Structure formats: C-alpha cells, structure tokens
Amino acid sequence: MSFYTVSAGALNGLMLGGLYACMALGLSMVFGVMRFVNVAHGELLVLAAFLSFVFSTAFGLHPFIVVLILIPILFVFGYVVQRVLINPLMSAGLEPSLLTAFGLSIIAQNLFVEIWGGNTKSLNNNFSEMNVTLLGIDVPMLYVISFFVGIIVTLGVHLFITRTYTGRAIRAATQDAATAMVMGINVNRIYAITAAIGAATAALGGTLIGMTFSFTPTTGFPWLLKGFVVVVLGGMGNIFGTLAGGLLLGLSEGIGAAFVGTGYRDMVGFVIFLLVLMFRPNGLFGLKGSE
Amino acid sequence: MKRILTIVLQIFMITAFAGALHAQSAPKEVVIGASVPKNGVLAAFGSYAGWGYKTAVAETNAKGGVMLKKYGKRVPIKLVVYDDESRPELATKNIERLVIKDGAHALLGSATPPLVISGAVVAERERIPMVAALSPIRAFLGANKAGWKWTWNMFFDELEMTQQQFLTLNSVKSNKKVALFTDNGQDGVVMGMLWGKNAPKLGYEIVYHAKFPVGTSEFGDLIRRAKQAKAEIIIAQMITPDAIALWKQMGALNYKPKAAFFEKGGEPVVWAKILGKSAEGTMVAGYWHPDLGYPGAKELRARFEKDTGELYSQHIADAYAAAQVLIDGMERAGSIDPAAINNAIGKTDKTYVVGPVKFTEGKGKRSAALPTFMLQWQNGDLEVVHPKKWATKKLIYPLP
Amino acid sequence: MTGAQSPLLQVGQVTKSFGALVAVNDLTFDVGEGEVLGIMGPNGAGKSTLFNLIMGAMPLSDGAINFAGQKIDGLQANQICSMGIGRTYQIPQPFRHMTVVENVVVGLLYGQHKSAMEPAHERALEILETVRLADKAELMAGQLGLLDLKRLEMARALSTNPRLLLLDEIAGGLVESEVEELEQNIDDLKSHGQSMIIIEHVIRTLFNHSDRILVMNFGTEVAIDTPPKIAENEEVIDIYLGEELDEKKVVSTVQIPVEERDTILAVSNISAGYGEFQALFDVSLEIRKGEIVALIGINGAGKSTLTRAVTNQIPLTAGGVTWQGEDLAKYQAYDIVDLGISQCLEGRKIFNHMTVLENLEIGAYPTHAREKRFETLKWIYELFPRLEERADQLGGTLSGGEQQMLAIGRALMALPELIIFDEISLGLAPKIIDDIYEIIPIIVEHGTTVLLIEQNVHRSLGIADRAYILERGRVTLTGSAQELIENKEIQEAYFGLETA
Amino acid sequence: MMDKKYSPWAILILVTVVLAFVPSMGDRYLLFIAYFLVLNVAFAQSWNLVGGYTGLISLGHAAFFGIGAYAAAISIITFELPVIAGFIIGGLASTAFAFLISFPTFRFKGIYFAIGTLVLAEALRIWMINWEYIGGAQGMQFPIGIGFRLTGYFYIMLGLAVGSTALLMYILRSKLGVGLRAIRDNEDGAQNLGVDIFRTKLTALMISAFIAGLVGAVHAGRLGAIEPYSIFGAAWTIGVVNIVIIGGMGTIFGPIVGAIFVTLLTEAMADFSGIHLIIEGVILILVIRFMPYGLWGFVLKMLRRIPLFGGTRA
C-alpha cells in the first residue's frame, strides 16, 4: 500500500462524506427533534431516487433540475406521513413509532417493486463519469458535487432553524415540547414540518445516490444503516454534527478500505458506530439535543 | 390352444387396460415448475429465463401439449413459476412448493449458481428431474461433490469461457497487463481462479486481482490500485448493479483501460441502457447470438423483442432451449415417470436454438457445455467479435 | 434515639451537582436503627435526589454513604436493595402489565431474602393484606387508582424486607382520609421498629411520625431536629411562609374598585387530575382586569395542576373556564397564548441550548406579538438590563436569577393580557426575589393582569390585591390580601399544626 | 381460578396433538405449510421472549438465526458431526454470540438497543460474506442425503415450537419471568427491588438466542444449501417482528396466532411475492395503532366481555 492509495482514499472518502451527511440529515433531525427513529429513511431516499428517475426520463430533464420539483413533493409527503401516521403515536413511547416506520419500510420496498420492478436503475447524468483532479488525486466529479451539496444543505438547514421563527420553534420543541406548547407552538405541526424538511433533504440525498451509484427497491436498507452510523457519530439531532459525522465516516471508509480491503469497507463504519455508542452515546461532537 | 391364448391375451389386455385406466390414465396436464428471480439484484436474469420457459411451453401447448406415448396422446403442459426474489432460500422453498403443492413432474432452474443450486438440492431430494440454465457449469458441479443425479445443466464452461477474453485480444496489440475484478459469489470465485490459470498460458499477466463481496458499491480504492498496476485490460465478473457502479467509477476516476470485459454484469440490456454511450465497446463473453445460424434463432430474438419491446438477451435462448430439452425428454420417456424422464434427458442429442446439446456422461457430469465466443456492445446491440468464423462485427479496440 | 453508637445509615458530606446546579450540597446526617427521619423542604430542595443517591441511581459528586458499616455509594441499586434498603417512588412506578401480587413477588424473589416462588406468593399476599390491597391482588397494576398505587409502592418496598425504608411522598396527592390510612401503616411499621426515612409534603404526617426532621433548601441542610423544635425554627418558617415583611412593600395598584372591573378569566367549579388521580376538586376563581391575584398553597396543593387545567394542558373532568366570556374548551393548549394568556412556568423552563435573545424571540411566537417584537424587546431590556448584556449567551449558562428574569421576559414577549407567574421566587435568594417582585407592578401598569402562584405567603400577599388559598386541590380561603395577611389559618393550612 | 391457571397448557397440548397428526394426513402440501408454521412459531417465541417480555426490541434477530445455521453447517459439513449434534452446536453457538454482544448492546439504552442490534446483524452479515473459510458469498452445501425427510424436519421443528412455547410459559411463572417482566415495565423500579438488570437481560437474550440458533440450524439442514445473503438477511428479522407484533407482543399465544396469520398469508400470496409483505406492513401499522396486544390480545379482550373468560392476559 502506498501513500498515494491512502491519501487518495482519504480525499475521495471525504468528498463522498458530503453525500453521507446529506442523506443522513433527515434521519438525524427527526430523531433529534422528536426522538423518532425513522427506520424507513432508507426507503425515503430510494423513493426520491425513483421519482427522480421517473421525472428525468419522462421530461428528459437533468436530475439536478428534477430535484427542484422533488423537494416540494417530498416535503409535502413527509409532512402528511408524519401528521397522519407518526404523530398520533408520539405519546405512546419510542417503540410504536419505530415499529410503524418499520412497517412503512416494508410496504415501501414492496411497492417500489410493484411499481418500478426489481431492476437496477441509475440516474443518467453528464457528471457521472467526469473527473476532477484535486491535489494531484483523481476524484469523481459527483463526489466533489456531493461534498458541496452536503455543506450547502447543512448550512441551509442551520440557517433555517436559527434564523426563522419556525426553525426556532423546532429547536424549542426539541428541547422541551411542553414548554414550547405554552409558548404557543403547535408541536404536532412542528413535528410534521421537521419530518417534511427531513424528507426534503432526502430528496437531495436520494438523487445524489441515484446519480453516483445505482439503486433498486431494496437499496434503502444499507443506506439506512450508513445513516445511523453518521448520525450516531455526529450526535442525534446535531445538524453540524451530522455533517461532521458524514465527512468522518467517508474519510474513515476511504482510509479503511485502503488498509483492510474494500470487502470490509462497510465494517469500518459499523465498528466506529458500535464504539461510539458504547463510549460516547451522545456522539463525538457537542451536546445532547443541541440545535 | 388358440382359444386359450386368445383368452389369456384378452385377460392380459383387459387387466392392462383396466390398470391403465385405473392407475395410469393420462393426466389432465403435465406440470412443469420453475422458480426465477423476478425481483432483487438478479431480476434481469429472471425476466429472460421466465420468458424463455413460457415461450417454449406455449409453443408445445399450441401443438396440443407434450406427446406421451404411454397414453397415446398429447397432454397440455401447465407451467407454474414462482418468484424467488433473488434469495436462494426462497428458491429452495419455491421448488419444494412446486413439487409438493403443485405436483410438478419436472422442474426448470433459476438463474445464477446460488439460486440454481438451492433449488437443485430440493430436486435431488425429491427425485424430480430438473433442467437448469443460466448457471456456469463448473460452479454448478463444484457445489455437489457427490454428483448431481436429477439435475441437468446446460450453460457455458467457465474454463473455455475464461480463455475467450485473452483469445479475443490476441488479435490486437496491448500491454498484456490484466486487472481482475471478481466478486465472492460462486461464479466470481471459480472464474477468478481460472483467469489466474489461463492468463500466463495465453501470454497475459494478471497485475492486480481485486476481490470484493457481492453488493459492493464503492470501488475507488480497487480502481486506483488497478490503475497503479498499469493494467490496460480489465476483466470483471460481477452482478449488473455492481458492474455499473464499477465502470462508472472507473470513468469518474479517470481510469480508461483499453479493453474491458464485464462477465455476467455487462450482459443484460440494463447495462447498455443505464450506461448509454460508455457501454460502447465493453465486452462480455457469450454463448448465443441470433445471427449464428442455429434453427429458430433469429425468430426467437424477433419474438422476444416484439413481446417485450426490449432488446433481446442471449439468456432467452438458453432458457428456451432448456425448456425444450425437458419437454423433448418427456416425449422420449413417453410418460411422466420422473426416473424415465430423467433417463431420457440424459440421452439428449440434438441441435437447439443454442446449438448442439449433448450432456456429458459420467458421475456428476450432467452438463452440456455451450460453445462460447466474445460479444461486444456496439451501437446499443451485442455483436460477436471473436472468433472470426462467427464474427458479426469487427472488434473495436481500444475502447473509444 | 440518635443512634450514636452504630448508625444504620451514614450520609457523610454528600454533594451532587448536575453541571452548574448543585442539587445536594455537603449533606451529613445519620439514621439510627429503628429511627424515623423525616425530610422536608420546598420543591427542588434536593430531597428526591438524596434518595436517588442513597439507592445508587446516580453517582455522588463527593462524599460517602455507608449502610450498616459498609460503603454503598458506587454500588448498583439491586446490590443496595440486597443489603437491605427499600424505597418507594414519589410518582408510583408499578409494573403496569403485571398483577398486583406479582409486583410484590418481584421484591420477594430478588430482594434481601431471596425466597422461592410458592412462599413468595403467599408472603406477597400477606404484605398486601397489611397495606389493605389483598382484595386487588389479581388485578393488573396498571388498573389501580392512585391510593392503591401508593399502597402498592409501600408493599413493594416492604417486599424486599428492608432494614431501612425510604418513603418518598407516600401521602402526596391523596385526600384526607386516605392520608390517615397510610399514616396508620407508617405507625404499624414504626411500632415494629422499622427504620425509615420519610420525605413528605403533607407536613402533619411528617411531624406526627418522625423522631427527627431534616429540613433542606437548595440542597443544603437548614436544620435537623425533633419535630417541635423544627416547628419553632424561624428559618424553617421563613422558607415556608416567606420572610415576614415589615410592611407591604408595594401598594396595591388597583385604582378602580375591583367590583367595577371586567372579569377576564372565570374558572367555575372545575375538577381535573391525571388518570385515576384527581388533583383538583370543584375549584372556582375569577380574575379581573388589572388585578394581581395570588394563588397560594404548599407543594402538591394543586397549584400547577390548576394552571395546566386553565390553559388546556390537561382535560377538565368537570366545570369550565371562560376567557373574556368565551369558553376555552374549544381551544388547544398552544392557542392559549394567542388568546392573550401567557405563562411563566415553574422551574423557569428556559431553552438551555438557545441564546437569551432566541428565548425571548420564541416568546413572541403569536403573530400579533411577532410583529411588535422589536418594541417589546426594547421594553424587556429596560426591565432587565442584564438580559441585554447576555443576549448572545446560551440560556443554560445563566444563573438562576437571570434565568427567572429571562422566563418572565419571555412570557412578556407574547404581549399577554394575563400573565401567570408560577413559583417565580422558588429556589432564588431573597435579594433576587426582591428584584423580581419589583417588576410585577410595572407589568401591571403596562396593562397586564397578573396571576401569581406562590408558596411564599408573605411575599405574594405583600403584592397581591386578592388571593386564593389552595389546599389539597380545593380553595379553602379567599379574600383580599389584607384580610388574609391577618388570618392565622394560613399558617395552619401550611403546617397542619396549631401554631404557637 | 385453578382452571384458568392450567388452561394455557391445555391449549398448548391440544394444538400440539393436532399438529402432530399433520404428517399422517398424507397431504404433503399441508405438511409443507405446517413446517413453516412451526418454524415461525419457534422463531417468534424466541423474539417474543426478548421483545415482548423483556422490552429489548431486537432488530438483529437474523444474526442469531444465521449463526445457528452456519455453526450447524460447519459442524456437519466440515467436521462431519452427527446431524443432531450439529443442530445443538448451532443453538449453543448462537447463545455464545448473544453472550458476547451483550456487553456492548446492553450499554445501549432503549431505542439504541434496536439500532445497535440492527447494525450489529448487518456487520455480521458482511463479515460472513467475506469470510472465505465458510465459503464467503458461495455459502455451504450439505451433502445430499444427509439429514431428515420433510416429516422428520417437521417433527423436530414442531418440538422446537412447542418446546419454546412451553419454556416461555414455564419461565413466565418462574423467578426469571417475574424479573424480565419487571424490567420490561420499569427498569429502575425492578433494580430497586433487587433485580440484577444485566444478568437477567443476559439470561433472556441467551435463551432467546439458543432457540433462534436451533431454529436456524434445523432450517439450514432442511434447506440443504445456505449462503450468508439470505440466511443473515433482514427478511428473517422483518418476518419475526411482523409475526409477534401482529399476533400480540408479550403474550404466549400471540406469536402462534401471528405465525398462523403470516404463514397462511405468505402461502396464499405465493404467486404475488411482495404483495403479501405490503399487506403485512399495512396490518402491522394498524395493529400498532389500534391493538397494542395484537390480534390475540384483541381476541382476549373480546372474550373477556363474556364473563366465562374473565381474567388476565396469558
């Protein structure tokens, strides 16, 4: 193994980390704000990829244009699902909402099969085989794009939750739902908005996944697990933590693959996940429930 | 004396006839069962295999069914197909269900070794003959050291197939440095090993061998190593989704080999559809092409493309032929007795749409190797580029 | 009975802090064999934390706890249980999906003397007999009412066969006759020589049963002595009634006679509670525009429940509330602030991870308040210049007094017509309480009506126009502040004792 | 009162006797379905013990199943041990695995346990796929002819289903059962009454893993060929969670009801793979929302309205 393979792995991984952050952001938000473990988040990403596929094929549009249509669609979708299916269970403890999401994930996977078939799909785009040279290292263009999308989305969500009234209401509800209610905040609505924003970021995450990799109705699950790793690394609900977690996971996978081989690449993340859960249950960065 | 003889003969005939009426009256239908992956990562193969089976059965039924001499009439075939979702464990369950619930008299295999083998295990246990397609011969044989008794396999032989890549490139100049990308499925393991053996014999050097699990999506590290090893030729054996990811990432990492072979993964039309232009010039070993002049080949392709509106795949022919081999076996056996059918299948010796099929003799060698050649994606279609006698188009080298 | 020679439990210089908050501060005391120690103190004094520390639910920050001569801090709860300490919870923690008798069997099987299944079952029934719960032995614990749950708590604690029993507010939330019944149980235990530590808000219970009483405030010991001495202790009385004021520091702001003002909030005959537990009984009160009304009562009297009931946070079981003539029932809890009722919650409830400014801005969540938030903010900064200095600091980093200012400021940001102050003096130093109380008349002058919910009798009466005394979920006294100040019954309501 | 105490045993014995006659009915398809039914019951009881009675929502149960299957396969194929011995080794290997993972996973409180087990199972699957010694992605094939016929496997699995149900019934009446349910209802409360949380949870997880391991081992024998993708696949976990929740989590007969429901639905929908999972998912969501104790709990609730059947949840 040469210095080049390690450093190239590190740089590529870091760039890809932006995608990880972007796809995990929604998962992190719903957990942070309402302690809802959305095990259907992977399917949300795949849904986004499929919809992106449908629109880009039907209208001949570039996935990056399609995503602009997709964001509002998934926003509404996330809002409705949260309001109708998850909110009524919020008072019953953590398990019912988790298991409902579990049910949703089963339904979604099989619906995808019924609607779009089991074949592999990928979002055609002119970037997928382009390449950028950074510091003398070849990096796929899409990884670089992912990196910046990850940062921009994180900043956007951060600005939203710090600068807008709704955003502040989300943070207030995160910290103390009962008090937020007294402040006049309709917590159920805030939860739905949070889920909606989470779903909207998944629109981006899913589209990036579809462009960078390929997807099938069942690819949601591995992405969910990666999402958990990112979220646990960064601290549940911590927006910048999620970005940091994503970048860190990408970086360690990139370096890890160079050392232990591509076969064990995913193991690197899982091992980190287990260690962090054992020793730093609130993530590597920051406070519990901050932001 | 003559009288007695007549009486004896009459009694004999009556009992025989009564027996036939009682126990051996012609079945209303012959049941052929198949499990194919309609979903999951192997769904593409499942759709071809399913079409091939269905078409062969439909043709026979159009003639009134399979001719069973024992009953002196044609009996229609009922084809029952279950989806194994690319999960071997479901393939097992499906084959069991076919035998037990649907009373299958004979079986057709799924696609790729894990699924075929999982089903074949049941066929052996239940003693029902099965003809399998779409499973390379050595991987299939390797799975049962004791030897298959009820399962027949018709597909290419990996040993021959793993020479085609090198033979193809012998006609052009390259640096003879090869990077292998093989997954850890049955095919990957077997063929990876064979390429390793064949390369030096044919004058090539394996400068890098990447092994990775099925389902890998990020290949950056492996690609960089192949590039560093200065391989101009890559030979890969992996499933389609992984292969697409690998080829895209090679492009994105600025690694442009001069020749690329994607066994298994580069074959279904999804490959060309998803990759578009960049599929151009990639190669995959094949065992069937409609233009090779076997009976009914061109018609089969036309029929598939008319039926589905999709580009054909060589697998439609293999599956179609497998079903025909099974049906012919039944006709030769003249009954639905599993052992008789099994025997009759062993005597297959006929040219089908995939070429001549003759199962090798001997313990556990119940397979028929189909001759292989090299296909190359050119203008969204697969063309034969090697050997010369079969070539439909000229080899494009290096890759555009 | 001081247990000098071999104390059963020794708590030595125990400190527990949560970040900046010191919940238990350098506390030292002993409990002797057969002794009953009572612990009292206002909410947040650190009483339950102390129990949690003894039971090993959380690590100590400093100090040591010994039981029967052995160090127990650092052990796990089950180990401590096995050594002979049993506890009840203030809020019953039954195993809801197990029968009553099974609940008790747990302690018999796993507690100090691990018994076999069959005898455990029999013994459990005997214990249930002693707490008068035997007839409900086969019911699911989740189906029990509050009294029965309290009995079950007691039975479960006894099931481990403890040498020392920790009872946390076993009488809290119960009605008179029920309290008496549980007192009977405590009597029985005491006569059998059971060592106990009792935390209790029903102070009469505490005074009647304790050999000694430890009074805590801010996590620190105020006094530890026999009940009669405690009743006379000036410092203790101050904690409970507030300092006796020389004179009314603030003159009533009411210029127009009360009777001529419009009633803005009318609470008529409401009852409410939590599940089986009824916390309010037939309570009525009214608030008129421009008044300061005090609602006074000890911990557990139902003050906060009343707030929750009025603001739709919990459902009413009877009666109704009207706001400016409109029935509140059709609104959601989050609509209340839009209607003009703002709350400054007990315990301040600052959003710790938001800055001071963000906390204030979230206060102006209702649309009408949001539009005027910059003006309001200016005014709040005038009232509390300290908040302006700290505008960019996180809420969680403020001191207690600053947090209280922030809580008040946040409630005012909503531009309320009525503001409810829930225990704004709780846990604050007298000087700071003074500062905060000075703000109230200014708020009233600004046109906001004030409902002041307080334990601190003297403080609240010193500023209020009228007051209601709440005792065990019922209004027992009402009148003008002046009348009530002179009424000695208040002290009785507080201590349940004939005062000297 | 006494009658009620023994009626669950009566039901169990009745169901067992009825099922025991299935092979002699001569309908192999019935036997085929019955096999999957008893497999589902046994596996579901394994999950029920931790998920339903201890409050540990395990989303990695496929790992226990898979370890059992592989340990049996290695014993039987590689070391040529007798088949039955291989099965038992499968159960024990799974138990040992439960012991190993308890140290990290019990540190994960509440919901983290679910996520932790989910990730752990996936990590294990990747490990198995890469581990060449056990065949990597190729998996392992039992020599043809080794093992039992369908009837044999059915009786073994029936034994496991009945045995695990009886074991659960026994545990529930024992000290361990009391401790487990106390932990499920209120962990702190249980600890204050002397229950050693870690040890009690560990015992439950190990028993659960033992059952799951045995089920996996026996099923591996019946499959004849195993490979890590499906043996360690999340489909097993999805199936078992569906069964227990639909039937009734934390009840003895709930998993049986759930297994009957899911097995029959799966079989009825065999021609439309996928659709049955959509239906299951919808039912799962409805049950969570409207029937906290599943179909069985709902049936009991209805029965309780009839005075004859008054009393507590089984």
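Note that the structure is predicted; figures quoted are calculated from it, not measured.
- Using cut-offs of 30° and 60° for the angle between ring planes, the B/F181 and B/F212 rings count as tilted.
- At a 4.5 Å heavy-atom cutoff, D/F142 makes no contact with chain B through either its backbone or its side chain.
- Looking at D/R149, the atoms closer than 4.5 Å to chain B (heavy atoms on both sides) all sit in the side chain, from C-beta outward.
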Report, one line per pair, each donor and acceptor closer than 3.5 Å where one atom sits in a side chain of residues 105-116 of chain B; sequence neighbours left out.
{"from": "B/H105", "atom 1": "ND1", "to": "B/V31", "atom 2": "N", "distance (Å)": "2.9"}
{"from": "B/S110", "atom 1": "OG", "to": "B/S35", "atom 2": "O", "distance (Å)": "3.3"}
{"from": "B/S110", "atom 1": "OG", "to": "B/D84", "atom 2": "OD2", "distance (Å)": "2.9"}

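- If you measure heavy-atom distances from D/L150 to chain B, the contacts under 4.5 Å come from the side chain alone.
- If you tally non-hydrogen atom pairs under 4.5 Å between each of B/K149, B/K211, B/K101 and chain D, the highest count goes to B/K101.
- Relative orientation of the D/F148 and D/F87 rings is tilted, given thresholds of 30° and 60° on the angle between their planes.
- At least one donor-acceptor pair closer than 3.5 Å links the side chain of D/W236 to the backbone N or O of D/S230.
- The greatest number of non-hydrogen atom pairs below 4.5 Å with chain D, out of B/R125, B/E124, B/R87, is found for B/R125.
- Note on B/K93 versus B/E96: no salt bridge recorded, every NZ/NE/NH1/NH2 to OD/OE distance being 4.0 Å or above.
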